[in-house]
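What follows is one structure encoded as C-alpha cells, with my remarks underneath.
Everything numeric here is computed off the predicted structure, so don't read it as measured data. Convention: sequence-line order gives letters A, B, ...; per-chain numbering from 1.
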Amino acid sequence: MDRIIFHIDVNSAYLSWEAVYRLQHGSLTDLRTLSSAIGGDEKSRHGIILAKSEIAKKYGIKTGESLREAKSKCPEIMLIPPNYRLYMKCSNAFYEILCEYSSLVQRYSVDECFLDYTDSQALYGDPLEAAYSIKERVKKELGFTVNIGISSKKLLAKMASELEKPDKVHTIFEHEIKEKMWPLPIEELFMVGRRTAPKLRGLGIKTIGDLAKYDRELIRIHLKSFGEMIWNYANGIDSSTVKKEESIQKGIGNSTTISYDVTDRKEAHLVLLSLTEMVSMRLREADMLTKVISVSVKNFGFSTYSHQRKLPGPTDCTMVIYENVTQLFDQVWKGEPIRHLGVHLTDLCGKEFYQISIFDKNDRERQMQADRVMDALRKKYGNDTLVRSSFINSGIRPIRGGVGEDNYQMMSSLL
DNA sequence: TCTGGGGTCCTAGGACCC
DNA sequence: TCTGGGGTCCTAGGACCC
C-alpha cells in the first residue's frame with residue numbers, strides 16, 4: 001500500500017515570521033510587501049541574506065549573497081537582523097498545528113516538516129483537501145503562508161513543495177514524475193548542489209529527466225554511490241520513511257567569523273575559549289559527553305583546515321575541552337591571519353557509559369562542579385552573568401555561537 | 001560572489017593488527 | 001623482509017542540506 005506523505009515548507013520563513021511579529025506589535029507595514037530581507041547582524045563583517053521578500057526577489061536578490069551585493073542591486077532594501085528566538089516560537093506553533101493532522105510528523109528543519117497522512121485519511125478525508133485546510137489554518141491562525149507537497153514518497157513530496165511558491169499545494173505522484181519533475185533543471189534536484197551540478201552538466205545532463213534516463217552504471221562510475229542515489233531520486237526512487245523520534249545528535253559545534261583578522265595566538269585562544277564555553281554548555285545541556293574534539297581555522301585567503309583529536313575518555317568539562325582546543329590550534333595554525341574559528345565536538349555518547357577514571361584528578365571533579373554552577377547561573381540570569389576574567393578589556397565576546405537553548409531540530413542531508 | 005553558521009554523511013589514505 | 005590481504009580505527013577534507 002502506498003503511503004501519503006506531505007512536505008510542508010514555510011514560505012520565506014524568517015522574513016514571514018518577522019513580518020507577522022511586527023504586525024502583531026503595532027507595525028503598520030507588512031515587511032512582505034516591501035523590498036526587505038533578513039540577514040547580517042552585529043558582527044557586521046560580510047553578513048549574508050538569509051531570507052528575502054518577493055519584492056526583493058524581483059530585484060534579483062538571492063539567499064546566501066552578501067549584504068553588500070544585495071544593496072548594490074537594491075539600495076533601499078530594508079535589512080533586518082535575525083531573531084532566532086522568535087523563529088523557534090513560530091516553528092513550534094507551526095509544528096503543533098501539523099500534529100493535529102497526524103501522529104507521525106517529522107521536524108526536518110526549523111521551517112520544514114514531513115507528515116505521514118496515510119492513517120489520517122479515515123479522519124480527515126481526501127489528502128488534497130486536508131492539505132488546503134492545513135495551509136489555510138496556518139495562514140489564519142499564525143499569519144504566514146506555507147507550501148505543501150504531496151506524494152507517496154518523502155523525496156517527491158519535498159520536490160513538490162518546491163514547485164511554485166508561495167501559498168500553494170502541489171502533488172508529484174509517481175505517474176506525474178515525468179510531467180512535473182523531469183523538465184526541471186538538474187540543479188533543482190534534492191542533493192544536487194553547486195559542485196555536482198557542473199559535473200552532471202559536463203556529462204550532458206541538463207534536466208532531472210536527463211539524469212533519470214542516463215545509464216545507471218555510467219553515473220555510478222562517475223559519482224560512485226552518490227551518483228546512484230541521485231539517479232534514484234531522479235527516478236522517484238526513495239524508501240525513506242517519516243521518522244517521529246528525533247534522532248540523537250551526532251555532533252555539536254560553534255564557529256564564528258571574527259570582525260578583524262586575528263594574528264595573535266593569545267587572541268585566537270580567547271576566541272576559542274568563547275566558542276568552547278558555548279559548545280561545552282550545549283553539550284552538558286544535552287546531557288552528553290564527547291570523545292572527539294576538533295578545531296577549524298579559516299584564514300584570510302578563505303582556505304580552511306582542521307585538526308581533531310580523539311580523547312582517551314569522554315568528557316563534558318569546559319576546561320578539559322579548552323586545553324585540547326588550544327593544543328590542537330597551536331599544532332595546526334600556520335601563523336597567517338585568521339578570519340574564522342570553529343570548535344566542534346563529535347563522537348558523542350550518553351552519560352550512562354561514563355565511569356570516572358581512576359586517573360581523574362580531584363581537580364577535575366572541582367572543575368566539573370564549577371561547570372554545573374556556571375550553567376545554572378547563566379541559564380537563570382543570562383550568559384553575561386559570569387565572564388571569565390581573561391575576557392575583561394579584551395574586546396572579545398565571552399560566549400559566542402548560537403543555538404543555546406531548545407536545541408532546535410537540525411536537518412540532515414538524508415531524508 | 002568579497003562568500004554565515006548550524007548540521008549530516010561519505011571518502012580516502014595511513015597506521016595498526018592479524 | 002625484494003612479502004599479501006582484510007579489517008578497523010583515526011584523521012582530514014569535501015559534498016550536501018537549511
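Computed from coordinates, the A:I38 CD1 to B:dG5 P distance equals 17 Å when rounded to whole Å. Rounded to an integer number of Å, the gap from NZ of A:K62 to C1' of B:dC2 is 15 Å. Atom CD of A:E69 and atom P of B:dT3 are 7 Å apart (whole Å). Taking atom CZ of residue A:F94 and atom C1' of nucleotide C:dC18, one finds them 14 Å apart after rounding to whole Å. To the nearest angstrom, C1' of C:dC16 lies 11 Å from CD1 of A:I230. Rounding to whole angstrom units, CZ of residue A:R194 and C1' of C:dC18 are separated by 15 Å.
For A:R339, no side-chain nitrogen or oxygen approaches OP1 or OP2 of B:dC2 to under 4.0 Å. For the OP1/OP2 pair of B:dG5 and a distance below 4.0 Å, the side-chain nitrogens and oxygens of A:T256 include at least one atom meeting the criterion. One finds a side-chain N or O of A:S66 lying less than 4.0 angstrom from the OP1 or OP2 phosphate oxygen of B:dT3. At the phosphate of B:dG5, OP1 or OP2 sits under 4.0 Å from a side-chain N or O atom of A:H340. In this model, the phosphate group of C:dA15 is approached by a side-chain N or O of A:R195 to a distance below 4.0 Å at OP1 or OP2.
Of the residues near DNA chain B, A:F226 and A:K298, the one whose nearest nucleotide (by heavy atom distance) lies more toward the 5' end is A:K298. Of the residues near DNA chain B, A:K250 and A:L50, the one whose nearest nucleotide (by heavy atom distance) lies more toward the 5' end is A:L50.
Shown here are the salt bridge (Lys or Arg N to Asp or Glu O under 4.0 Å) partners of A:R284, two or more places apart in sequence or in another chain: A:D371, A:D375. For A:D111, the salt bridge (Lys or Arg N to Asp or Glu O under 4.0 Å) test picks out no residue, with sequence neighbours left out. Residues satisfying the salt bridge (Lys or Arg N to Asp or Glu O under 4.0 Å) criterion with A:E18, sequence neighbours excluded, are A:R22. For A:K291, the side chain to side chain contact (heavy atoms under 4.5 Å, CB included) criterion is met by A:P314, A:D347, A:C349, not counting sequence neighbours. A search for salt bridge (Lys or Arg N to Asp or Glu O under 4.0 Å) contacts involving A:D210 returns nothing, not counting sequence neighbours. With sequence neighbours excluded, no residue forms a side chain to side chain donor-acceptor pair (under 3.5 Å) with A:N235.
To the nearest whole angstrom, the two C1' atoms, one in B:dC16 and one in C:dG4, are 16 Å apart. One P atom belongs to C:dT1, the other to B:dA15, and the distance between them is 16 Å to the nearest Å.
Centroid-to-centroid, the aromatic rings of A:Y101 and A:Y117 stay 6.0 Å apart or farther.
A distance cut-off of 5.5 Å between ring centres, combined with a plane angle under 30°, places A:F302 in a stacking arrangement with the base of B:dT3.
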Side chains of residues 183-195 of chain A: which donor-acceptor partners sit under 3.5 Å, not counting sequence neighbours?
| from | atom 1 | to | atom 2 | distance (Å) |
| --- | --- | --- | --- | --- |
| A:E187 | OE1 | A:R201 | NH2 | 3.1 |
| A:E187 | OE2 | A:R201 | NE | 2.8 |

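Candidate nucleotides B:dG6, C:dC16, C:dC18 were compared by shortest atom distance to the side chain of A:T196, and C:dC16 ranks first.
The aromatic rings of A:Y87 and A:Y84 lie perpendicular to each other, with more than 60° between the two planes, well past the 30° mark. Ring geometry for A:F114 versus A:H7: interplanar angle of 30 to 60°, hence tilted.
Counting only Watson-Crick and G-U wobble pairs whose two key distances fall under 3.5 Å, DNA chain C forms stems of three or more stacked pairs at B:5-18 with C:5-18.
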Tabulate atom names and distances for all N/O pairs under 3.5 angstrom spanning the protein and nucleotides 9-12 of chain C.
| from | atom 1 | to | atom 2 | distance (Å) |
| --- | --- | --- | --- | --- |
| C:dC10 | OP2 | A:K310 | NZ | 3.3 |
| C:dT11 | OP2 | A:K310 | N | 3.3 |
| C:dA12 | OP1 | A:H307 | ND1 | 2.3 |
| C:dA12 | OP2 | A:Q308 | N | 2.5 |

